Structures are given as structure tokens and as C-alpha cells.
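Numbers here are sequence positions counted from 1. Note that the coordinates shown come from a computational prediction; the quantities given were computed from them, not determined experimentally.
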Amino acid sequence: MAAVRKRRYPPGPPSMPLIGNIMNIGIPRAWIKFTEYKEKYGDLVYFRGLGKSVLVINSLKAMTDLLEKRANIYSGRPHLVFGHELMGLDRIFAVRDYGEIWRAERKLAHIVLSPSAVKAYDCVLEEMAVRYAFDLVKSPEDFYAKLHLATGRVLLAVTYGICPEHANDEILVLAEEMNWTGQKAAIPGSYMCDTLPFLKYAPSWVTFQKEAKYARDALTNMMNIPFDHVKRNMKMGIASPSLVHQLLEDPPENVDNLEDRIKGAAGAMYGGMYGHSPIATYSTLLVFILAMAQNPEVHRWAQAEVDHVVGQDRMPSVDDIPNLPYIDAIVKETMRWHPSLPLGVSHAVSEDDEYEGYFIPKGTAVLANVWSIAFEPNDKYDPHMFIPERFLDPSRPVIDLSAWAFGFGRRICPGKFLARNSIFVFVTTLLWAFDISPSSAGRTDMHFTEFLVRRVSRPCTCCI
């Protein structure tokens, strides 16, 4: 009789009786702890217990091998009781499970977000950057609020042709409210009902139930209100160019329930689950501002390159990207230094798999800890220091950000070209128009939130 081979799971932290080690997933700043685990347990760190399993991947090789090369079984999303059943977060395709509906919405996103398609919105990005610079001149003390408004404007203008005038605009407020809950819900283990599903039947007055109801209503309104706005303006012949306008006016063939699919694709654009979202862009730009305040020499070199290429007779444009290699390196270093999505958005494996001799069971949630890539030790450049030159040094090649910063496989961020252009235009406009320096207090410490998208959570002082 043939012997049955015992399954060998990837290593992980010590387990506790009954509950295993699954409770380690929801810890604060988990990406840093997972990176520390890499030295002890290796590229794969496994958590399981209470009927759940989560695999954390700590190397680009393993991320590529699984999420790219085996994308046919690693493109799902884990089922989240809070996020899916209570909040309805799977109505946007960034969080929707892999399947026919997801493929239809992905098709729509690719139509309007390809490198050639996003060129049509270069003028919108440039206009929004100029408006931010003008607002900053009028009230420099409000640069946090003004930047938050500006990044929201970019995505609303491109997605729906809407340009809010104030930070308390209804759509901005709805998106902000939904985003906070949605980002937390997208991380497996953030809510106890994901670990103990029977808790979903808790009374409506329980805190997490009220939170889910509020976020569900905010998401519904965020998907419907701007979409209906575009439809009304199209009927009146006054709709501004936008992604939704384009898809409604020239719909692709063979897409069932087109309006629902457009809502799902557009909701992902503005819903905060990808690297091109307003919150991710806001966080990246704020980190850039603070990096310039902390690194005056980098700031001087950056301004010199912008002055040399752009001059003072015109504003910077997207077309300047190929001619500004040092600015390009600064943008990459900003995204590396403080990744806005350190764990990405979790994948799920749809069938049993084996990798490097380890068994990975069907249904396992998979987290790509890109923080471990961003802070990989380097014998020449300290990963904790802001050093754009690391991306210009052929003697010490750095992993290209495009390989990890925008997701993997079939789940790669469809808006990465729009995000790159948007960040680049804001960065060059700020360098062209302003000097950035430390405050009189001389401190620019940064404090970040702990959810899916890391963002600066506490005002940090600097002079612009």
C-alpha cells in the first residue's frame, strides 16, 4: 500500500491552541512585521486558524511565480464577510472576485485607460495641477486640504467630467467615507466577522454592523450619483469628456448590463482600492513634498532640471516626462520610500497548489508584501534614506517599480499610466512654481494610517 505524503505547509509564526496563528494578520503595521518574518521564515509566511488561511509573499520572485505565471488560479479575491456580504464592496471590480462580470468590467477599464487613451486627459491633469498651484498661492496654510481636493478633482474630472470646487463636495465626502471603511475591510482579518463568520448575524446596533450599513450606503451613492450626473448632462448635450461619457457614447459590443458594468469599473477608478486612487495619489504627493523639505540638495537638483527643460515661459506638461530623468527618479523614489499600498489588494487561490515543496490550499488569501521589496537591503544605498540616484546608477540596478508598485498578473492596476502622469505633472508643477523647505521648527516627521492605503494622518509642517 502506497504511503500518503504528508502535506507540508509554508512556515509561519508559532500557533496557539484552537485558533492557530491567524490572529497575527490584523496587527498594526503588519507589512513591517511580515518583512521581519522574511529573515526567520523565508519568502513565504503562512497563517492559518479558525478555518482560514493567509499566505504572505515576501519576494518578487515568488510574487512573479505565483501571481503572474500562475495567474489562472491566483487572480481571485478572498471572500470577506464584512466587505462583501455586509458592505457590498464587491460591486466594484477592484474587489470583485475573478469571473465573467470582472472580465467585462476589466475590458471597459482597458478601453479607456490604455497608454494611448489616457493621452486624451493630459490637458485635464495639467489644468488640475495649475489650479492646485494657484490655490496654494492664495492660501498656503491649507496645502493639505488643497492637495486632497486637487487629487480628488483629477479622478472625478477624468472619470465623470466633474470638477468640485470645495473639499466638502458631496461626491468627495461620500468617497472619503466609503474609502476609510473599504480600505480596512479589504485586508483579511481586519474585522472579527471575517474570522468568525457567524458574527455577521449580530444585531444592527452593534458597532461594526452600523459601520457596514453606513459604508454600504456611501458606496451605493458614490457609484450612482456621479454616473447619473453624466447621463443627465449627456441628454442635455453639455457633458464634459470623461471615461464614463466615452463608454456610454461609444459602448463596446457584447457587454451585458452595460450600465452596471460601467458603474463597477468607474467605482474602482475612484473607490480607493488601486494605486491610482485619489487617496493613494494624495499620499504619494504629500510624501514627495515632505521628502523635498527634508532633502534640500535633492530639491535643488530637481528644480535645476525643471528650470533647464521647462524654463519660466510655460508650465510643465506630460510631454516633458522623457526629458526629466532626475524627476522621474524622484517620483520612483517617492513611491519606493513610502509605498502607499504596502500589501496591495489581497488575491485568493482558486484551487490547491504546490510551490517550492509547500502546499497552498484552495481558498487561501494571498498578500504580496511589496514593502519587503521596497526596503530590500542594498550594500550601496540605504533603503531607509531618500536617494533618487539609486534609480540612475547602472552599477547597482534597482527593481523597476512597474514590477511591483501597481499589482500583479491579471489584477495589475489598470490606471497605472494615468497615475504616473498625474503624479509627474503635480511634482513638476510644484517644483516649477514653489520652493519647499523645512519649517522653522525644523521637523517634518510623518505619521501614517494603518489601512490598505497608507496616507499621512497627522499634519507635518514645512514651508512652501
Check your understanding: Is any side-chain heavy atom of Leu60 less than 4.5 Å from a side-chain heavy atom of Phe408?
Key -> yes
Study note, to complete from the structure: Closest non-hydrogen contact found for Ile327 with Leu431 is CD1-CD1, 3.6 Å
Exercise for review: State which residues pass side-chain contact (heavy atoms from CB on, under 4.5 Å) with Ala374; sequence neighbours excluded, sorted by chain then number.
Suggested key: Arg336, Pro339, Trp404
Review point. More than 12 foreign heavy atoms under 6.0 Å from NZ of Lys107: is that the case here?
Key: yes
Exercise for review: Looking only at non-hydrogen atoms, find the nearest pair between Cys163 and Arg131 and report the distance.
Suggested key: SG-NH1, 2.9 Å
Review point. Does any non-hydrogen side-chain atom of Asp97 lie less than 4.5 Å from one of His84?
Key: no
Review point. Between His299 and Asn295, do the side chains contain an N or O donor and an N or O acceptor separated by less than 3.5 Å?
Key: no
Point to revise | Sequence neighbours excluded, every pair satisfying salt bridge (Lys or Arg N to Asp or Glu O under 4.0 Å) that has a member inside residues 394-409 | key: Asp379-Arg396
Exercise for review: Assess whether side-chain contact (heavy atoms from CB on, under 4.5 Å) is satisfied between Arg96 and Ile101, documenting all intermediate values.
Suggested key: CA-CA 8 Å; Arg96 192 188 296 280; Ile101 294 177; 3.4 Å; yes
**Study point:** Pro322 to Val318 - nearest heavy-atom pair and separation
**Key:** CD-O, 4.4 Å
Acceptor/donor pairs from residues 306-313 side chains to any protein atom, 3.5 angstrom cut, sequence neighbours excluded:
unit_1 : atom_1 : unit_2 : atom_2 : d
Asp307 : OD1    : Gln312 : NE2    : 3.4

Point to revise | Residue pair Phe375 / Thr35, side-chain heavy-atom distance below 4.5 Å | key: no
**Study point:** Validation row: Ile57, Phe34 side chains within 4.5 angstrom (heavy atoms)
**Key:** no
Review point. Is there side-chain contact between Val118 and Leu125, with heavy atoms separated by less than 4.5 Å?
Key: no
Point to revise | Close side-chain approach of Val137 to Phe434, heavy-atom, < 4.5 Å | key: yes
Point to revise | Residue pairs fulfilling salt bridge (Lys or Arg N to Asp or Glu O under 4.0 Å) with at least one residue in residues 64-76, sequence neighbours excluded | key: Lys61-Asp65, Asp65-Lys69, Arg70-Asp353
Revision key, fill the gap. With sequence neighbours left out, the residues meeting ring-ring contact (aromatic ring centres under 6.0 Å, His included) with Phe82 are Tyr191
Check your understanding: Do Arg91 and Thr220 have side-chain atoms, one donor and one acceptor, less than 3.5 Å apart?
Key -> yes
Practice item. Report yes if some heavy atom in the side chain of Leu418 is under 4.5 Å from a heavy atom in the side chain of Val154; otherwise report no. Key: no
Exercise for review: List for me each residue that meets side-chain contact (heavy atoms from CB on, under 4.5 Å) alongside Tyr98, sequence neighbours excluded, and say none if there are none.
Suggested key: Ser75, Trp102, Arg103, Arg410, Arg411
**Study point:** Those residues that, when tested against Thr207, pass side-chain contact (heavy atoms from CB on, under 4.5 Å) (two or more places apart)
**Key:** none
Exercise for review: Report the residues that fulfil ring-ring contact (aromatic ring centres under 6.0 Å, His included) with His245, sequence neighbours left out, ordered by chain and then residue number.
Suggested key: none
Point to revise | Closest non-hydrogen atom pair between Lys38 and Asn58, with its separation | key: NZ-O, 3.1 Å
Review point. Considering all heavy atoms of both residues, which atom of Tyr132 and which atom of Leu147 are nearest to each other, and what is their separation?
Key: CE1-N, 3.3 Å
**Study point:** Within residues 114-123 or reaching into it, pairs that qualify as salt bridge (Lys or Arg N to Asp or Glu O under 4.0 Å) - sequence neighbours excluded
**Key:** Lys119-Asp122, Lys119-Asp319
Review point. In terms of side-chain geometry, is the basic nitrogen of Asp217 or Lys213 positioned less than 4.0 Å from the acidic oxygen of its partner?
Key: yes
Point to revise | Partner residues of Phe134 under the side-chain contact (heavy atoms from CB on, under 4.5 Å) criterion, sequence neighbours left out | key: Lys138
Report all side-chain donor-acceptor pairs from residues 247-259 shorter than 3.5 Å, counting only partners two or more places apart or in another chain.
unit_1 : atom_1 : unit_2 : atom_2 : d
Glu259 : OE1    : Lys231 : NZ     : 3.3
Glu259 : OE2    : Lys231 : NZ     : 2.8

**Study point:** Pairs where residues 380-391 contributes a residue and the test salt bridge (Lys or Arg N to Asp or Glu O under 4.0 Å) is met, not counting sequence neighbours
**Key:** Glu333-Arg390, Lys380-Asp393
**Study point:** Side-chain touch Phe386/Thr334, heavy atoms, less than 4.5 angstrom
**Key:** yes
